[in-house]
Amino acid sequence: VPEIDTGWNPPQRVLMGPGPSNVHPRVLQAMGQWTIGHLDPQFLALMDETMELLRKVFRTANPLTFAVSGTGSAGMEATFVNMLEPGDRVVVGVNGVFGERMCDVASRCGAEVRRVEAPWGRIIDPDDAARAIRETGPKLVAVVHAETSTGVRQPLEGIRQAAHAADALLLADCVTSLGGVELRVDDWGVDLAYSGTQKCLSCPPGLSPVTFGERALAAFDRRQAKVQSWYLDIGMIRRYWSGERFYHHTAPINAIYGLREALRLIAEEGLDARIERHARNAAALHAGLEAMGLQLFAQEGYRLPSLTTVSVPEGCDDAALRAALLTEFNLEIGGGLGPVKGKVVRVGLMGETSSPRNVLYFLSCLGRILKRQGVRVGSGLEAAQAALEV
Ligand SMILES: Cc1ncc(COP(=O)(O)O)c(C=O)c1O
């Protein structure tokens, strides 16, 4: 087993976990450029460019589309605290860790939370959501578009219809979909959304792209109470990202250099081509896993291309499997969370990580370790290769 240096020279891993994903060297180089001031005209121009590039990946014309300083959870918090006041009603879809986290955040805003649940690994049934919306009359309906804890892709249309019929706002968590999975904020009527940089955008963690539509801003303008969070108050932040460039907090300058470079890489590849690449590599991974005799955990027809959950086969020690992948093959995957801890492993194919090479490498390492653990599996390589050639 090679020595792993965890000091100032981190190992070059294949990051196939639930995030972070591998980062393109151009992004790392951009982050290593000279720091300039957060009010320097050249930095302000770079912020404008970043907002424009973000609008393209969200597929929105929303003027207020920017990066919250903080990871994906900061984006989650920013959307909830700006929309909700104590006593407001909110309907939240809960079929994994992140729907659960949304309920926690909403209740900390003093909102009354109505949960719409589905078993882990299955989508929220739009009819269940519509019923809860009709019964509750909420201000906000929140769902996770890409549930990283289960690998489920949630269709938004039915929930959007029910939310808008009740004059509620639709909020989508797009942390594991933005930049890798089909997402159309304007066409789909999503009123506000947030994401994270370390998934399909392939940046280091640290920023949370968000977008607020017209209806969301109108609701913000009708607020009676001050936003509970000073740091995340879009009333002030928007005056820095656009408008009079009012100083609110010092922007994470170099992180924004990195995000802008990652977004330029997406523009060069083309968003459609990138989404197609994610779909093709995920199809190959899924074909390979099934050919090995393994079972995919997420509901068929609603599997995310960016994150695959695989049921842990009988006889497999999943912690030992993950440790062997990391120490022997420099390859990171994730374990299950909450009720599926020990029952699934999570395999990410996000951004730079989504490549035929990584699919084939992972399948081959996985087969080797499972056989060593005494688990009977076939080879997944031929099936994956065949899927890649389609
Ligand atoms: C769907 C989803 N929402 C929210 C988050 C929170 O993001 P972060 O860990 O960057 O704060 C994550 C992180 O994995 C996520 O996958």
Side-chain angles (χ1 to χ4, degrees), residues 16-18 93-99 116-130 143-160 172-177 180-184 188 199-200 275-314 316 318 333-350 354 356 359 362-363 366-367 370 375 377-390:
M16 292 183 72
V94 185
N95 54 351
V97 165
F98 297 101
V116 183
E117 305 203 20
W120 284 45
R122 302 195 68 80
I123 59 166
I124 302 292
D125 184 333
D127 292 339
D128 291 347
V143 278
V144 181
H145 180 225
E147 199 17 289
T148 324
S149 59
T150 62
V152 165
R153 182 178 50 79
Q154 176 69 43
L156 300 181
E157 178 52 18
I159 299 178
R160 196 271 309 162
D173 175 322
C174 303
V175 170
T176 293
S177 53
V181 181
E182 185 74 343
L183 168 69
R184 297 180 173 272
W188 294 358
K199 312 270 185 177
C200 301
I275 289 168
E276 160 59 25
R277 167 166 66 83
H278 281 73
R280 193 173 53 248
N281 292 325
L285 174 67
H286 295 175
L289 291 165
E290 287 183 322
M292 288 172 79
L294 297 170
Q295 280 189 348
L296 303 181
F297 175 73
Q299 185 175 348
E300 201 172 350
Y302 300 98
R303 291 176 182 150
L304 278 172
S306 45
L307 193 282
T308 298
T309 38
V310 190
S311 299
V312 174
E314 186 122 352
C316 167
D318 91 288
I333 63 164
L337 299 173
V340 293
K341 189 172 183 330
K343 295 195 179 127
V344 301
V345 290
R346 295 182 297 152
V347 186
L349 282 175
M350 306 181 193
S354 173
V359 170
F362 169 69
L363 290 172
L366 177 69
L370 286 177
V375 181
V377 281
S379 166
L381 292 175
E382 293 73 18
Q385 258 154 352
L388 286 167
E389 272 152 29
V390 171

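Note that these values count all heavy atoms, side chains included, but never hydrogens, waters or copies made by symmetry. Position 1 is the first residue of the sequence; numbering continues from there.
Across all their heavy atoms, Gly96 and Ser149 have their closest contact at CA-OG, 3.5 Å. Taking all atoms of both residues into account, the shortest heavy-atom contact from Val375 to Glu314 is CG2-O, 3.8 Å.
For Arg184, the side-chain hydrogen bond (donor to acceptor under 3.5 Å, both in side chains) test picks out Glu182, with sequence neighbours left out. Residues that satisfy the salt bridge (Lys or Arg N to Asp or Glu O under 4.0 Å) test with Glu157, not counting sequence neighbours, are Arg160. Checked against side chain to side chain contact (heavy atoms under 4.5 Å, CB included), Ala279 has no partners two or more places apart in sequence or in another chain. For Arg280, the side chain to side chain contact (heavy atoms under 4.5 Å, CB included) partners two or more places apart in sequence, or in a different chain, are Glu276, Arg277. Listed by chain and number, the residues in a ring-ring contact (aromatic ring centres under 6.0 Å, His included) with His145 are Trp188 (sequence neighbours excluded).
The shortest distance between side-chain heavy atoms of Val312 and Val345 falls below 4.5 Å. Proximity of Phe362 to Val347: side-chain heavy atoms (C-beta onward) are separated by under 4.5 Å at one or more points. Taking the side chain as every heavy atom from C-beta outward, Leu349 and Pro305 never approach each other to under 4.5 Å. Leu366 has its side chain within reach of Leu289: a pair of non-hydrogen atoms, C-beta onward, lies under 4.5 Å apart. Put simply, the side chain of Ser306 does not reach to within 4.5 Å of the side chain of Lys199, judged on heavy atoms. For the pair Asn281/Leu388, a side-chain contact is recorded, criterion being any heavy-atom separation below 4.5 Å from C-beta on. Residues Val340 and Thr309 form no side-chain contact, since every pair of their non-hydrogen atoms from C-beta on lies 4.5 Å or further apart.
Interatomic distance, Met350 CE to Leu307 CG, rounded to the nearest 0.5 Å: 4.5 Å. A distance of 8.5 Å separates CG in Leu156 from OG in Ser177, rounded to the nearest 0.5 Å. To the nearest 0.5 Å, atoms CG (Leu363) and CE (Met292) are separated by 6.0 Å. With rounding to the nearest 0.5 angstrom, the CE atom of Met16 is 8.5 Å from the OG1 atom of Thr308.
Judged by distance alone, the side chain of Glu147 and the main-chain N or O of Gln154 form no donor-acceptor pair under 3.5 Å.
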Tabulate below the donor-acceptor pairs under 3.5 Å that side-chain atoms of residues 295-304 make, not counting sequence neighbours, or state none.
| from | atom 1 | to | atom 2 | distance (Å) |
| --- | --- | --- | --- | --- |
| Gln299 | OE1 | Ile123 | N | 2.9 |
| Arg303 | NE | Ala298 | O | 2.8 |
| Arg303 | NH2 | Ala298 | O | 3.2 |

